[in-house]
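Down below is the structure, laid out as structure tokens.
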Amino acid sequence: MSKIIDFYKFIDKIAPFETQESWDNSGFLVGNGEKEVTKVLVALDATEDVLNEAAEKGAELIITHHPVIFGALKEFHPKNIAFIAAEKGIAIISAHTCLDIAEGGVNDCFAQALGLENVVKVDDGEGLMRMGELEESLSCEEFVKYVAEKLSVGGIKYTPTDKKIRKVAVCGGSGGDLYPFAIKAGADAFVTANIKHNQWIEMRRDEFCVLDAGHFCTENTVIEPLQKKL
């Protein structure tokens with residue numbers, strides 16, 4: 001039977017923890033690595049609902065994208081997610097920025113979820129962005145509707161354009177800072193999330209089509225493929 005540490009080692013192979021950003025806190029964050037595992041729950045975040053679901057299903061391990069412990073913990077009490085997990089005897093492994101840049105990680109899965117073809121990495125200095133082609137060119141309004149359907153998102157904020165869209169750059173999560181790299185790479189549109197007010201102004205000035213499809217929806221595309229790998 002597998003132990004928790006075996007899952008850590010497997011994730012370290014497909015998304016090496018040493019490749020995470022210096023400010024990140026990916027890794028084995030809660031629990032005993034020698035504990036045997038019969039069930040694993042995979043989620044974007046370790047929320048209290050996720051912990052309760054894991055406990056109900058008898059999962060000894062939760063694997064998340066976002067770290068359950070990010071900044072310094074100054075208190076450790078029953079309202080703290082890591083405390084609740086430890087109390088329930090549930091371990092947590094988080095793979096954040098290392099999974100963002102990994103082959104087959106967040107951004108490859110994001111591109112796949114949008115049905116992009118001929119996907120390549122974009123040189124953005126971080127290894128995050130991917131770019132691929134739609135099967136056919138779409139108007140901006142058609143593309144927004146297409147993305148909303150593919151990601152099952154109710155609403156999308158975007159900068160309009162009269163240009164047809166075929167080449168699409170993507171970056172799951174907060175990728176607003178990277179939009180100049182999408183332009184430089186020759187993308188017709190860029191899909192990401194968490195775009196700041198000043199970035200919207202710059203994008204409108206550049207007359208470049210950018211879609212904010214939400215942090216959850218752009219990154220949750222990795223969960224099912226990661227579950228299958230595990």
Side-chain angles (χ1 to χ4, degrees), residues 1-21 24-31 33 35-70 81-82 85 88 90-116 119-121 126-132 147 150-153 170-175 191-194 213-230:
M1 183 178 292
S2 296
K3 296 181 179 180
I4 290 170
I5 195 65
D6 296 322
F7 284 88
Y8 172 85
K9 291 177 180 177
F10 176 77
I11 294 173
D12 194 38
K13 288 182 180 179
I14 64 173
F17 291 108
E18 65 179 14
T19 64
Q20 67 181 288
E21 296 286 349
D24 197 7
N25 192 39
S26 295
F28 186 8
L29 304 183
V30 178
K35 186 174 182 179
E36 293 185 338
V37 179
T38 59
K39 290 183 181 179
V40 180
L41 191 148
V42 185
L44 201 66
D45 296 274
T47 63
E48 192 165 356
D49 286 341
V50 168
L51 285 173
N52 290 334
E53 182 180 352
E56 290 170 4
K57 294 182 176 179
E60 298 89 353
L61 171 64
I62 297 173
I63 295 174
T64 69
H65 178 48
H66 296 131
V68 66
I69 301 173
F70 198 70
I81 294 296
K88 292 179 180 291
I90 300 173
I92 300 177
I93 297 171
S94 301
H96 189 206
T97 53
C98 55
L99 189 61
D100 284 329
I101 66 174
E103 295 286 345
V106 171
N107 289 299
D108 283 320
C109 292
F110 186 11
Q112 184 178 12
L114 292 184
L116 300 183
V119 176
V120 296
K121 285 185 178 180
E126 298 183 51
L128 293 167
M129 190 180 291
R130 304 291 189 269
M131 186 171 73
V147 172
K150 288 291 185 180
L151 299 182
S152 299
V153 57
V170 300
C171 179
S174 306
V191 188
T192 187
N194 292 54
H215 201 114
F216 178 85
C217 291
T218 58
E219 292 192 330
N220 198 51
T221 53
V222 76
I223 297 302
E224 187 174 342
L226 178 58
Q227 178 189 13
K228 291 179 179 178
K229 287 181 180 179
L230 292 166

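The first residue in the sequence is number 1, and the count goes up from there.
Not counting sequence neighbours, S152 has no partner by the side chain to side chain donor-acceptor pair (under 3.5 Å) test. Residues passing the side chain to side chain donor-acceptor pair (under 3.5 Å) test with D45 are H66, sequence neighbours excluded. Under the rule for a side chain to side chain donor-acceptor pair (under 3.5 Å), T221 has no partner lying at least two apart in sequence or in another chain. In this structure K3 satisfies the side chain to side chain donor-acceptor pair (under 3.5 Å) test together with E34, sequence neighbours excluded. For K121, the salt bridge (charged side-chain N to carboxylate O under 4.0 Å, His left out) criterion is met by E103, not counting sequence neighbours.
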### Task
Step by step, work out the side-chain contact (heavy atoms from CB on, under 4.5 Å) result for T64 and V50.
CA-CA 10 Å; T64 69; V50 168; 5.8 Å; no
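Formation of a donor-acceptor pair under 3.5 Å by the E60 side chain with backbone atoms of T38 is found in this model. With T192 contributing its side chain and G173 its backbone, the two residues share a donor-acceptor pair below 3.5 Å.
Put simply, CG on L151 and CZ on F110 are 5.5 Å apart, with the number rounded to the nearest 0.5 Å.
Sorted by first and then second residue, the side chain to side chain donor-acceptor pair (under 3.5 Å) pairs with a member in residues 4-20 form an empty list; sequence neighbours excluded.
Smallest separation of non-hydrogen atoms from D24 and S26: OD2-OG, 2.9 Å. Contact detail for F7 and S2: the closest heavy-atom pair is CE1-CB, 3.8 Å.
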